[in-house]
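Here the structure is laid out as structure tokens; the discussion comes afterwards.
Reminder, nothing fancy here: chain letters follow the sequence lines and each chain counts from 1.
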Amino acid sequence: MAEVVLKSVNKMYGNVQAVKDVDLHVRDKEFMVFVGPSGCGKTTTLRMIAGLEEITSGDIYIGERLVNELPPMDRDIAMVFQNYALYPHKSVYDNMAFGLRMRKFPKPEIEKRVKDAADILDIEMLLHRKPRQLSGGQRQRVALGRAIVRHPQLFLFDEPLSNLDAKLRVQMRVELKRLHERLETTAVYVTHDQVEAMTLGDRVVVMKDGLVQQVGEPLELYNQPKNKFVAGFIGSPAMNFVEISIAAESGGLWANNAAFQIKVPPAKLEALRPKVGKQVTLGIRPEALQIANGSTPVESSFQASVEVIEPLGSEILLNVRCGTNDMVARVDPSIRVKLHENIRLALDPARLQFFDSDCELAL
Amino acid sequence: MVIEHKWKKWVYFIIPMAGFIIFTLFPFYWMAVTSFRPDGELYRSWRAANATPFWTLSPTTEHFRDLLTNTAFLQWLMNTMFVALVATAISLVCGLFAGYALSRLKFRGSEFLGTAIFITYLVPQTLLFIPLADIIRNMQIGNTPWALILTYPTFLIPFCTWLLMGYFKTIPKELEECARIDGATRFGAMVRIVFPIAIPGILSAGIFAFTLSWNEFIYALVFLSSVEEKTVPVGVVSELIRGDIFFWGQLMAGALLGSVPMAIVYSFFVEYYVAGLTGSVKG
Ligand SMILES: Nc1ncnc2c1ncn2[C@@H]1O[C@H](COP(=O)(O)OP(=O)(O)OP(=O)(O)O)[C@@H](O)[C@H]1O
Ligand SMILES: [Mg+2]
């Protein structure tokens with residue numbers, strides 16, 4: 001049981017700054033997920049927590065203890081690697097027992113813990129095999145088992161599911177979540193898959209270029225992104241962005257561009273008033289776009305032509321074009337539209353988000 | 001591989017393969033036949049009516065008896081074995097640690113050091129034996145096995161280092177990192193995880209080093225002078241060729257007996273040896 005605290009942690013590789021001033025507080029028992037595009041510094045941050053990479057500056061605490069100078073073996077952590085890193089010359093049993101043997105646990109205790117972990121992960125029948133005799137999913141389980149037998153204070157995961165096929169990945173995701181609920185151990189999990197991040201994380205850290213962009217619960221990131229990057233990164237299909245200018249007319253504010261004119265909802269008036277006459281970016285989630293019906297007010301709808309139809313069964317994704325803007329709408333599967341048809345789309349005014357066009361911060 | 005026509009298999013596989021095998025094995029066959037051939041047949045002209053150059057009708061073991069009783073061959077065999085084993089052991093230990101350090105540790109000049117070690121391997125022995133002879137004389141270990149045990153590593157260590165360095169690079173570094181998180185020190189992770197995984201590489205480096213020491217000629221010729229200190233290659237050549245007289249039977253018997261230990265070593269470890277040269281590790 002431990003919390004993890006990072007205080008202005010930096011990492012330089014020569015002249016490349018991989019991690020910039022990361023401040024973070026992972027609470028006790030929390031499942032914290034790091035997500036971000038390739039090369040954003042997730043792995044580096046995780047490896048610094050593990051003690052595999054030196055910290056250029058800053059402090060890392062694991063459960064009150066400053067660990068900057070502590071070797072990995074003394075940090076009381078367990079890590080699961082992307083390629084599993086099973087010891088190829090040892091049997092599954094010995095793989096799992098290795099950490100306990102190194103720590104001089106008595107033999108009966110080792111046996112009990114390995115059996116328990118194997119039971120939880122359903123790998124008892126594999127204990128005598130060598131890693132090369134296992135499938136990818138089984139290796140994954142063994143790697144997890146090796147981590148949990150130690151009963152560490154903290155679990156670290158570096159993209160542990162990315163080598164599995166899509167179906168198995170979903171299944172292991174659920175199992176990981178269940179495992180975490182059962183063990184109640186603090187966990188830090190790295191992934192580049194935002195769906196994984198949203199489903200697994202109690203909280204999610206979004207990183208880009210070594211900088212933390214936002215930390216928050218999954219729905220908080222989805223509904224109140226702090227900037228355009230987070231808004232675009234979280235959610236699939238991604239948020240639609242439209243460049244607009246703000247105009248004050250007939251008592252209200254209007255978001256205009258060549259192809260449409262939309263009334264700014266009352267909740268955003270305050271934030272947008274200083275932007276009158278300037279460019280801003282409008283963000284629209286695909287599900288905030290629906291086919292307009294008779295009762296839709298003109299001030300929150302616009303005309304668009306259907307370019308591509310993706311029927312997914314539970315929903316239909318419409319790729320539409322409005323002026324020079326391409327957008328995606330997620331609509332009800334019962335709706336019938338034809339390719340190249342001109343349709344009228346309604347916006348949900350409460351779900352519009354605005355971003356400063358220069359600094360990209362949410363308004 | 002699916003082969004549709006029989007003749008294709010013959011043309012593209014069996015015939016070339018047979019040719020290659022004959023080409024490779026013929027010298028060994030010749031050596032064996034010669035060592036069992038009585039002197040009468042050995043020095044008979046090929047054009048003689050009853051010549052049988054490719055086999056012998058009256059095999060004899062007289063050359064082997066001569067070799068074992070009239071020369072110090074058994075002593076040479078022991079010398080060679082001792083020198084080869086100790087030199088190989090020293091070189092393997094040094095090569096293991098050096099190879100590990102060069103493949104894993106990042107320190108200033110590690111790249112340069114790797115290249116420098118490789119270059120020392122390229123210095124020809126025919127050049128190096130001159131300064132080495134001076135050193136041997138100053139250390140007063142000339143004409144003892146130590147002259148060879150201490151000079152063979154000059155080419156064995158670079159060789160082992162490079163072979164093992166390449167092998168260590170194929171072992172994912174996550175294995176060690178995981179071991180370090182699991183509670184091993186860096187040294188512990190190296191000894192408990194990396195070395196056991198590298199066994200095929202270590203064995204092939206060992207076999208190679210052993211072979212090179214076993215067959216080494218120049219240093220053994222230069223640094224050893226008395227008959228009973230010699231190694232097999234030098235002993236056989238210097239004692240069984242007197243001026244322009246070649247004792248072919250004994251020479252070939254010596255060569256045959258001298259290659260038996262190598263054949264045993266190779267047949268024991270051939271699987272590891274192939275894996276060490278071609279294989280990598282899958283976690
Ligand atoms: N050993 C290294 N030497 C030099 N630069 C490095 C090293 N390791 C990582 N970097 C750089 O640091 C940055 C962050 O790398 P990191 O591995 O943390 O990315 P990541 O977020 O894990 O990406 P991915 O999703 O691709 O795994 C990258 O720009 C990378 O090129
Ligand atoms: Mg990574």
Side-chain angles (χ1 to χ4, degrees), chain A residues 13-14 43 46-47 49-54 67 70-90 94-105 130-134 136 139-140 142-143 146-150 152-160 163, chain B residues 96 99-101 103-112 164 166-206 269 271-283:
Chain A
Y13 285 113
T43 300
L46 195 76
R47 289 170 57 84
I49 298 174
L52 298 172
E53 212 74 62
E54 280 194 32
V67 297
L70 224 51
M73 59 185 287
D74 295 328
R75 295 191 181 199
D76 198 12
I77 53 175
M79 184 157 169
V80 178
F81 291 83
Q82 180 171 0
N83 60 3
Y84 317 138
L86 298 179
Y87 310 130
H89 59 303
K90 291 179 184 287
D94 291 335
N95 260 282
M96 289 166 71
F98 180 76
L100 299 172
R101 290 199 179 122
M102 292 305 295
R103 291 186 156 74
K104 309 251 178 329
F105 276 71
K130 287 278 172 66
R132 68 171 168 281
Q133 300 166 315
L134 302 177
R139 286 178 201 196
Q140 179 58 65
V142 175
R146 188 171 58 179
I148 67 178
V149 290
R150 295 247 323 278
Q153 288 192 67
L154 171 65
F155 284 126
L156 302 175
F157 299 94
D158 189 0
E159 309 210 14
N163 284 351
Chain B
L96 262 180
Y100 179 86
S103 70
R104 281 294 198 274
L105 309 180
K106 292 217 163 51
F107 50 92
R108 194 177 286 269
S110 61
E111 299 256 316
F112 170 77
L164 289 169
Y167 201 84
F168 287 145
K169 279 184 178 161
T170 67
I171 299 176
K173 70 179 192 328
E174 284 87 354
L175 289 177
E176 264 168 278
E177 292 175 344
C178 195
R180 285 167 64 204
I181 290 174
D182 267 352
T185 55
R186 178 136 215 168
F187 188 81
M190 173 177 79
V191 173
R192 284 163 195 272
I193 303 296
V194 180
F195 287 178
I197 297 172
I199 281 177
I202 296 172
L203 276 179
S204 46
F269 295 122
E271 272 175 39
Y272 282 111
Y273 168 73
V274 171
L277 292 184
T278 59
S280 62
V281 185
K282 296 204 172 64

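By the 6.0 Å contact criterion, CZ on B:F107 is enclosed, its count of non-hydrogen atoms from other residues, nucleotides or ligands being greater than 12. Heavy-atom contacts from other residues, nucleotides or ligands closer than 6.0 Å to CZ of B:R180 number more than 12.
The candidate with the highest count of non-hydrogen atom pairs below 4.5 Å against chain B, out of A:A50, A:A78, A:P71, A:P72, is A:P72. With chain B as the partner, the residue from A:M102, A:K130, A:R47, A:R146 showing the most heavy-atom pairs under 4.5 Å is A:M102.
Interface remark: A:L52 contributes side-chain atoms only to the contact with chain B (heavy atom separation under 4.5 Å). Of the two parts of B:R192, the backbone and the side chain both hold a non-hydrogen atom closer than 4.5 Å to a non-hydrogen atom of chain A.
Contact check on A:R101 versus A:D94 returns a salt bridge, with a Lys/Arg side-chain nitrogen under 4.0 Å from an Asp/Glu carboxylate oxygen.
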Test A:R150 against A:R103 for side chain to side chain contact (heavy atoms under 4.5 Å, CB included), laying out the working first.
CA-CA 9 Å; A:R150 295 247 323 278; A:R103 291 186 156 74; 3.4 Å; yes
